[in-house]
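Model, not experiment: these values are computed from the prediction.
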Amino acid sequence: AANTMYMTTAGSDISVPALGGTFSSSAGLSAVEAPKLSETVDKETYKIAIIDPSSDFLKYMENSLAGSMVTVWLAFYNTTDNTVDGVPPGGLLASEPHLLIAYKGRIDGTGYAIDPDNGTIIATLDCASPVSALANTKGYYTSKEHMKQLDKTDTSYDEVDGGSSETAIM
């Protein structure tokens, strides 16, 4: 797609025709940070850092990237002593069967910072947490009438409003 950005942290551009583009090594992608693992369910987010010395990425951020889809792909190097699917030892396995999706979701927010140590301008994308939906606390109506609005054939709440009575199960 025209608005799709392909970026890589690899030392050179990577063409992946199956994904529709060439991943640019000069686009400024600095890091992709997965949420820290913990013993409790938390809402840590995926963070993507982009070095932006000329403030070009700021233009995209001004148009509100929130809600845009993000997919983080992982590619691996051939660490065997043999050629794998035409890729020699040490080469990048960048064809679709060897790629893994590390994250797929939406951008929750954006940020912009200047590193005080070296003056580097860094744009950050905060992506939705894989468990963020656990924090949602929406009311859910459980009346017979509400369920019929969702599905006219649903009978799961037909007996809920009936009050207490003896029921025979056969």
Side-chain angles (χ1 to χ4, degrees), residues 1-140:
N3 293 329
T4 301
M5 295 179 205
Y6 297 94
M7 301 177 184
T8 181
T9 57
S12 60
D13 292 353
I14 301 170
S15 177
V16 185
L19 299 180
T22 298
F23 290 75
S24 172
S25 60
S26 62
L29 181 61
S30 172
V32 177
E33 298 176 18
K36 309 290 184 282
L37 293 176
S38 66
E39 292 182 18
T40 59
V41 174
D42 53 32
K43 296 184 292 177
E44 292 245 357
T45 62
Y46 274 82
K47 294 185 187 296
I48 299 173
I50 300 165
I51 297 173
D52 192 20
S54 58
S55 301
D56 289 335
F57 200 76
L58 180 61
K59 295 171 193 160
Y60 291 109
M61 292 172 57
E62 287 174 346
N63 292 326
S64 182
L65 289 174
S68 298
M69 286 299 298
V70 170
T71 304
V72 175
W73 291 89
L74 296 178
F76 301 93
Y77 287 95
N78 178 2
T79 59
T80 69
D81 293 330
N82 303 312
T83 297
V84 176
D85 290 345
V87 178
L92 186 65
L93 296 162
S95 60
E96 192 173 16
H98 301 289
L99 299 173
L100 294 177
I101 294 177
Y103 174 80
K104 187 171 188 174
R106 298 197 178 273
I107 297 172
D108 261 352
T110 59
Y112 222 70
I114 298 174
D115 186 328
D117 295 332
N118 59 20
T120 303
I121 300 172
I122 301 172
T124 57
L125 305 176
D126 293 327
C127 300
S129 166
V131 294
S132 63
L134 294 176
N136 290 343
T137 55
K138 298 179 195 169
Y140 184 72

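Leu92 contributes atom CG, which lies 8.0 Å from atom OG of Ser12 (distance to the nearest 0.5 angstrom). Here the straight-line distance linking atom NZ of Lys47 with atom SG of Cys127 works out to 9.5 Å at 0.5 Å rounding. Rounding to the nearest 0.5 Å gives a distance of 4.5 Å between CG of Leu125 and CD1 of Ile107. Interatomic distance, CD1 of Ile101 versus CH2 of Trp73, reported as 4.0 Å (0.5 Å rounding).
Nearest approach of Thr8 to Ala10, heavy atoms of both residues: OG1-N, 3.0 Å. Shortest non-hydrogen contact noted between Thr83 and Pro88 is OG1-CA, 4.0 Å. Across every non-hydrogen atom of Ala66 and Asp108, the tightest pair is CB-O, 4.2 Å. Scanning all heavy atoms of the two residues, the minimum distance from Ala75 to Leu99 falls at CB-CD2, 3.6 Å.
Residue Asp81 places its CG atom among 12 or fewer non-hydrogen atoms of other residues, nucleotides or ligands, all under 6.0 Å distant.
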>> Set out, in order, the CA-CA distance, both residues' side-chain angles and the distance that settles side-chain contact (heavy atoms from CB on, under 4.5 Å) for Leu93 and Tyr77, then state yes or no.
In response: CA-CA 6 Å; Leu93 296 162; Tyr77 287 95; over 6 Å; no

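Ile121 is listed as a side-chain neighbour of Tyr112, based on a closest heavy-atom distance under 4.5 Å. With a 4.5 Å cut-off on side-chain heavy atoms, Thr110 and Phe57 do not count as touching. Proximity of Phe76 to Val87: side-chain heavy atoms (C-beta onward) are nowhere separated by under 4.5 Å. Side-chain atoms of Met7 and Ile48, non-hydrogen and from C-beta on, never get closer than 4.5 Å to each other.
A donor-acceptor contact closer than 3.5 angstrom is absent between the side chains of Thr80 and Asn82.
Classification of the Tyr103-Tyr46 ring pair by plane angle, with boundaries at 30° and 60°, yields tilted.
Identified under the salt bridge (charged side-chain N to carboxylate O under 4.0 Å, His left out) test for residues 91-103, with sequence neighbours left out: none.
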Scan the side chains in residues 24-34 for donor-acceptor partners under 3.5 Å anywhere in the protein, sequence neighbours excluded, and list what turns up.
unit_1 : atom_1 : unit_2 : atom_2 : d
Ser24  : OG     : Ser26  : N      : 3.2
Ser24  : OG     : Ser26  : OG     : 3.2
Ser24  : OG     : Ala27  : N      : 3.4
Ser25  : OG     : Asp13  : OD1    : 3.0

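Here the side chain of Asp52 pairs no donor or acceptor atom with the backbone of Ala123 at under 3.5 angstrom.
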